[in-house]
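Okay, so here's the structure we're looking at.
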Amino acid sequence: LARAGSYPFIGVDAKECAAKGCERGAHTCDGRGASYVCMDIDDHKGEGGVGQFAGALTVECRRHGLHPLAFSSRSGLGIHVFAFFAGALSVRAARDVGVYLRDRAAIPAKRCDVIPSVEHHKGLGTLHGLPLHPADAEHGGGLLLDEGLRAVRGEAEISAALRHAHAHR
């Protein structure tokens, strides 16, 4: 079981995958695969609209029976919207769900990375973590956001939101 921090991806052994004849990104053998999709909405160029995009994306998630969790990015300039699945999907299928949701929410692809992705430009598309880091909170990063995209700061409230998301995946 390959886990670092809290990311919900169970690693794939490339040799094992090749031996079983799995396509790249299509591996779900032995329960491995992606149990979530993350839509990473960025505003590194100051274009704005992050809150509107995140709101539209959470509406689309709920419309399709998913219970999203939103977090401010570590930089505090973006929002990561996570939707968790009841079981593992192939990386390709999880990405397809995220791309579908992003497109339905009318978010330009250049503003929203969908993770996991075996094609991720940094090669880390299947290594991803919830952006929760105490040092980032000082500048508004790494925080769980409520439905109004306001920071949730109380430990009890954070715990309740995470339990709710887990119970309704």
Side-chain angles (χ1 to χ4, degrees), residues 5-9 23-28 33-133 136-137 139-153 157-158 160-162 164-169:
S6 56
Y7 73 87
F9 176 77
E23 282 184 59
R24 184 174 181 213
H27 190 86
T28 56
S35 58
Y36 74 97
V37 63
C38 172
M39 285 75 56
D40 179 359
I41 306 164
D42 290 318
D43 191 25
H44 297 293
K45 296 181 181 178
E47 299 171 271
V50 171
Q52 290 174 321
F53 290 152
L57 197 48
T58 58
V59 166
E60 283 304 319
C61 286
R62 288 188 189 97
R63 186 174 292 155
H64 290 86
L66 298 170
H67 298 271
L69 283 177
F71 296 84
S72 59
S73 63
R74 290 190 66 189
S75 68
L77 299 174
I79 296 176
H80 298 193
V81 177
F82 285 81
F84 298 90
F85 309 125
L89 300 179
S90 70
V91 171
R92 182 173 294 121
R95 179 174 172 75
D96 288 347
V97 169
V99 168
Y100 172 80
L101 292 168
R102 179 193 68 201
D103 292 349
R104 295 278 301 170
I107 303 171
K110 69 180 182 177
R111 295 289 307 277
C112 182
D113 289 331
V114 177
I115 302 166
S117 171
V118 293
E119 292 86 18
H120 193 269
H121 68 283
K122 292 182 181 175
L124 299 174
T126 57
L127 286 174
H128 194 254
L130 296 178
L132 298 173
H133 194 280
D136 298 321
H139 60 270
L143 300 170
L144 174 64
L145 305 174
D146 66 14
E147 289 186 15
L149 303 177
R150 295 174 302 268
V152 177
R153 296 197 183 261
E157 292 84 3
I158 292 170
L162 295 175
H164 182 268
H166 178 74
H168 292 93
R169 59 193 162 108

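Remark: D42 pairs with no residue by the salt bridge (Lys or Arg N to Asp or Glu O under 4.0 Å) rule, at least two apart or across chains. Checked against salt bridge (Lys or Arg N to Asp or Glu O under 4.0 Å), D146 has the following partners two or more places apart in sequence or in another chain: R150. R63 pairs by the side-chain hydrogen bond (donor to acceptor under 3.5 Å, both in side chains) definition with E60, not counting sequence neighbours. Residues passing the side-chain contact (heavy atoms from CB on, under 4.5 Å) test with A70 are I79, V81, L145, L149, sequence neighbours excluded. Scored by the ring pair (Phe, Tyr, Trp, His ring centres under 6.0 Å) test, H164 finds H67, H168 as partners (sequence neighbours excluded). Take E47 and apply the salt bridge (Lys or Arg N to Asp or Glu O under 4.0 Å) test, not counting sequence neighbours, and it matches R111.
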*Walk me through it: do V50 and Q52 pass the test side chain to side chain contact (heavy atoms under 4.5 Å, CB included)?*
CA-CA 6 Å; V50 171; Q52 290 174 321; over 6 Å; no
Which donor-acceptor pairs under 3.5 Å do the side chains of residues 96-110 make with protein atoms, sequence neighbours left out?
unit_1, atom_1, unit_2, atom_2, d
Y100, OH, H64, NE2, 3.3
R102, NH1, C112, O, 3.4

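Side-chain atoms of D43 come within 3.5 Å of backbone N or O of G48 as a donor-acceptor pair.
In this structure, CG in L143 is found 4.0 Å from OG in S72, a value given to the nearest 0.5 Å. Distance check, rounded to the nearest 0.5 Å: CG of L69 to CD1 of I158 gives 11.0 Å. A distance of 9.0 Å separates CD1 of I41 from NE2 of H80, quoted to the nearest 0.5 Å.
Using cut-offs of 30° and 60° on the angle between ring planes, the pair F82 and F84 is parallel.
Of all non-hydrogen atoms in P68 and R62, the two that sit nearest each other are CD-CG, 4.0 Å.
Of the candidates V114, V37, L89, R95 forms a side-chain contact (heavy atoms from CB on, under 4.5 Å) with just one, namely V114.
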